[in-house]
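Heads up: the structure comes next, in structure tokens.
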Amino acid sequence: MRLLLIGFGNLGRGLARSILEGGKFKDLKVVGIVDERGGVLNDEGIELRQALEVAESEGSVAKMGIEGLSAVEAIRESDADLVVELTPTNIKTGEPGLTHIRTALETGKHVVTSNKGPLVIAFRELQKLASSKGVQFKYSATVGGAIPVISLARRLASGDEILGVRGVLNGTTNYILTRMEREGLSQDVVIREAQELGIAEKDPTLDIEGIDTACKLVILANSILDMDVKLSDVKITGISRISPEALKLAREAGYTIKLIGNADKKGLDVRPRLVPLDHPLNIGGTLNAVSFRLRYAREITISGFGAGPAETSSALLADIMEVLASSPAS
Ligand code: HSE
């Protein structure tokens, strides 16, 4: 299967490293890489080790190919089977990812993405476009990182009915709350450390104010609860008012405080909630956890690492391998 990578920052490079290291990915041939400054296209397959070296030393792969090559041109011109869209999330317009994904689907290419913006803005449109073109559109990496939240939900929905979903969907705020609770530290101190871990959004207020959690909740509601909702449908309260004292008081009463996203047919909200200390959603550090409420199975909770290049690669590759498995001819 021929892959075109759009975006070659931390996530794109992480994916390239995973493809290089994993022997089982030998059927994946990267025929194009485009970043902000340009790109490189080669039908015979790009030497990934060299691309990684050039990107690290020059800050762009353009030096290996064409300075100024745009992602849209590359998507149109490439004969790739699958476009992996990894540009930064923009939740206001979805761009540039939205145009990249539209162009890829319109030109009959499968799409795998970790970019939340286009899904938050245009979920139904993109899904319809993919099905009208007979191609696949996969986005497991947008919610829960390495945790197979969406594929587990699809399996659960086939034999049961998902009544609602809730969870800790943001690693940055969970890390901040955990450090505040365990060490009595103030939010300002821990926010900086969370940024150093490299999992916070470029603008960390998106994490702190609950927006990132709300975006993931919108994606979950649209994809697994069969709803048609937008970010403006979510009632959002972040963690900025949570103090170490509040966490201490909660703990004395047998609870912790977590930033929880909750979606069911009654609506969507994101807010700090008391969680019993022995509840499976009480996970520490940068972990995420998602709990499904089901008609028959009652409750199923899954947890794991929800952010970071290696974790995101794990989800992207699972999606890519699923596309490969369903298109044996390429
Ligand atoms: N800022 C996000 C988080 C990154 O902390 O969970 C993963 O979507």
Side-chain angles (χ1 to χ4, degrees), residues 7 9-15 84-92 94 97 112-121 123 138-150 165-180 187 190-223 231 234 236-240 242 257-263 270-272 281 283-291 302-319:
N10 279 341
L11 297 183
R13 293 177 207 178
L15 178 65
V84 187
E85 213 291 334
L86 305 171
T87 62
T89 288
N90 171 338
I91 57 164
K92 295 215 169 78
V112 168
T113 189
S114 60
N115 189 343
K116 288 164 273 198
L119 285 142
V120 169
I121 303 283
F123 183 84
K138 291 187 167 280
Y139 43 82
S140 299
T142 58
V143 183
I147 318 170
V149 179
I150 292 173
V165 58
R166 63 187 172 141
V168 175
L169 299 169
N170 180 272
T172 302
T173 44
N174 202 51
Y175 176 79
I176 292 170
L177 291 173
T178 306
R179 295 289 306 276
M180 286 169 69
Q187 245 183 61
V190 204
I191 288 170
R192 274 195 296 279
E193 288 183 25
Q195 282 179 288
E196 280 158 23
L197 285 177
I199 62 161
E201 296 299 302
K202 230 181 207 163
D203 170 6
T205 55
L206 293 174
D207 297 297
I208 308 293
E209 297 304 338
I211 318 285
D212 176 68
T213 302
C215 289
K216 292 166 179 165
L217 203 59
V218 166
I219 297 171
L220 283 180
N222 287 334
S223 60
L231 198 52
V234 191
I236 310 172
T237 309
I239 63 159
S240 54
I242 305 295
I257 301 173
K258 296 284 174 200
L259 183 65
I260 302 285
N262 184 75
V270 173
R271 61 185 165 95
L281 287 181
I283 36 98
T286 61
L287 285 168
N288 283 195
V290 181
S291 199
I302 181 171
S303 71
F305 290 100
E311 293 82 352
T312 306
S313 281
S314 159
L316 291 168
L317 281 163
D319 279 353

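Start at 1 and go down the list; that is how both ligands and their atoms are numbered.
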Once you restrict both partners to nitrogen or oxygen, which atoms of ligand 1 have a protein partner under 3.5 Å, and how far apart are they?
from	atom 1	to	atom 2	distance (Å)
ligand 1	1 (N)	I199	O	2.8
ligand 1	1 (N)	E201	OE2	2.7
ligand 1	1 (N)	D207	OD1	2.8
ligand 1	5 (O)	N170	ND2	3.4
ligand 1	5 (O)	G171	N	3.3
ligand 1	5 (O)	T172	N	2.9
ligand 1	5 (O)	T172	OG1	2.6
ligand 1	5 (O)	I199	O	3.4
ligand 1	6 (O)	G171	N	2.8
ligand 1	6 (O)	K216	NZ	3.3
ligand 1	8 (O)	K116	NZ	2.9
ligand 1	8 (O)	K216	NZ	2.9

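At least one donor-acceptor pair closer than 3.5 Å links the side chain of N115 to the backbone N or O of T87. Between the side chain of Q187 and the main chain of I239, a donor-acceptor pair closer than 3.5 Å is present.
Evaluation of the ring-ring contact (aromatic ring centres under 6.0 Å, His included) rule for Y139 yields F123, F137 as partners, not counting sequence neighbours. Residues that satisfy the side chain to side chain contact (heavy atoms under 4.5 Å, CB included) test with Q195, not counting sequence neighbours, are I191, R192, A200, P204.
In this structure, OG1 on T173 lies 4.5 Å from CG on L259, to the nearest 0.5 angstrom.
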Pairs under 3.5 angstrom only: tabulate donor-acceptor contacts from the side chains of residues 206-219 to other protein residues two or more places apart or in another chain.
from	atom 1	to	atom 2	distance (Å)
D207	OD1	N170	ND2	2.7
D207	OD2	E201	N	2.8
D212	OD1	K116	NZ	2.6
D212	OD2	N170	ND2	2.7
D212	OD2	K216	NZ	2.6
K216	NZ	L169	O	2.8

